[in-house]
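What follows is a set of notes on a single structure, which appears directly below.
Remember, predicted model here, so these are calculated numbers, not experimental data. This chain uses plain numbering: 1 for the first residue, then up along the sequence.
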Amino acid sequence: MVLIDNKTELFIVESCKQSHGVIKAGLVNQLISQFECDIKSLQQALLPIAAKFAQAPVSSFYVGAVIFDKVTGNMYLGANLEFKHQALSLVVHAEQAAINNAWINGAKEITSIAINAAPCGFCRQFMNELSTADTLEILLPTGRYSLEELLPCDFGPKDLGNQEALMAQSAEQIEISLPISEQLKEQVRLAYVPYSKNMSAAELALTDGRVFYGRYAENAAYSPSLSPMSSVLSQLALAGETLEGAKVERVTLVETKGCENQKAVAQAVLTNLNGDSSLLHHVFEAK
């Protein structure tokens with residue numbers, strides 16, 4: 001069992017705040033050498049650190065998740081995010097947060113995921129959308145499992161005739177004629193929306209100049225889909241910012257004309273921000 005000392009823990013926490021919850025391969029290898037452990041043991045040792053980024057005002061149950069991508073060698077943290085006075089269905093689960101974090105930050109695949117509590121059925125279904133669903137290794141306090149063991153008789157993308165998979169799709173080559181940043185346009189093109197076709201993404205800018213992005217990630221079971229606004233707020237939380245304390249300058253949501261379905265959900269979760277939570281909403285026609 002790997003025990004991370006207080007000094008190293010503080011260093012990792014501060015590093016993760018700067019990188020929005022990403023532990024680069026160089027630091028991963030440094031930690032493996034320092035603690036004389038393997039990748040999976042390190043993932044599990046990092047779970048208490050991941051859980052420090054959780055915001056759970058409703059449940060007071062703090063969940064952490066740590067993903068490893070063997071292609072990049074990076075690890076990606078995730079933590080649950082709850083919204084006060086909103087429907088419980090809007091929360092971001094730690095597993096979703098970690099997968100979203102890896103996806104947003106350029107991971108090539110989800111090789112394994114460590115979680116400090118057994119994943120609920122919702123999260124098992126969310127993981128079933130991944131390109132690596134058949135090979136994914138899930139590390140729990142009770143042991144190591146395949147997704148097939150935790151989700152027998154599954155329902156997935158192919159049951160709806162979808163041959164795509166989350167993490168495997170490429171950017172859509174579409175023109176977006178809107179007065180928004182090029183970075184946000186690229187996030188829209190990278191959205192995973194095989195069911196609604198609503199290419200949608202969000203941008204959140206803080207007064208200190210930092211900018212965060214989120215994309216729409218759909219799921220074959222529909223309900224486990226992750227909205228672009230929840231995606232971007234999860235990224236904000238992984239930078240160590242609380243929803244109540246973040247000094248927001250602007251929030252922008254982009255959707256596809258004729259497929260819009262995200263504005264009301266975005267406005268609902270934004271009520272948890274302290275200060276101006278007004279939303280700049282843009283709709284474009286895909287060409």
Under 3.5 Å, is there a donor-acceptor pair linking the side chains of [X] and [Y]?
X: Glu109; Y: Thr111; value: yes
X: Ser177; Y: Glu175; value: yes
X: Gln86; Y: Thr271; value: yes
X: Glu260; Y: Asn198; value: no
X: Asn100; Y: Ser231; value: yes
X: Glu218; Y: Ser196; value: yes
X: Glu137; Y: Tyr145; value: no

Verdict with supporting geometry, Val251 and Ser278, side chain to side chain contact (heavy atoms under 4.5 Å, CB included): CA-CA 7 Å; Val251 186; Ser278 57; over 6 Å; no

Short side-chain to backbone donor-acceptor contact, [X] and [Y], under 3.5 Å:
X: Gln96; Y: Pro224; answer: yes
X: Gln262; Y: Ser227; answer: no
X: Asn272; Y: Leu243; answer: no
X: Gln187; Y: Ala201; answer: no

Is any side-chain N of the basic residue among [X] and [Y] closer than 4.0 Å to the acidic one's carboxylate O?
X: Glu95; Y: Arg124; answer: no
X: Asp208; Y: Arg210; answer: yes
X: Lys185; Y: Glu203; answer: no
X: Lys17; Y: Glu241; answer: no

If you draw a 6.0 Å radius around [atom1] in [X], do more than 12 non-hydrogen atoms from other residues or ligands fall strictly inside?
X: Glu244; atom1: CD; answer: yes
X: Asn6; atom1: CG; answer: no
X: Phe61; atom1: CZ; answer: no
X: Gln18; atom1: CD; answer: no

In this structure, would [X] and [Y] fall into the same cluster of hydrophobic residues linked by side-chain contacts under 4.5 Å?
X: Ile180; Y: Val232; result: no
X: Trp103; Y: Ile110; result: yes
X: Met75; Y: Phe35; result: yes

Aromatic contact, Phe122 with His93 (centres under 6.0 Å):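 Under 6.0 Å, so yes.
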
Tyr195 and Tyr222 aromatic ring geometry - parallel, tilted or perpendicular at 30°/60° bounds: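 Tilted, since the angle between the ring planes falls between 30° and 60°.
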
Spatial distance of atom NZ (Lys158) from atom CG (Asn128) [nearest 0.5 Å]: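 One gets 10.5 Å once the value is rounded to the nearest 0.5 Å.
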
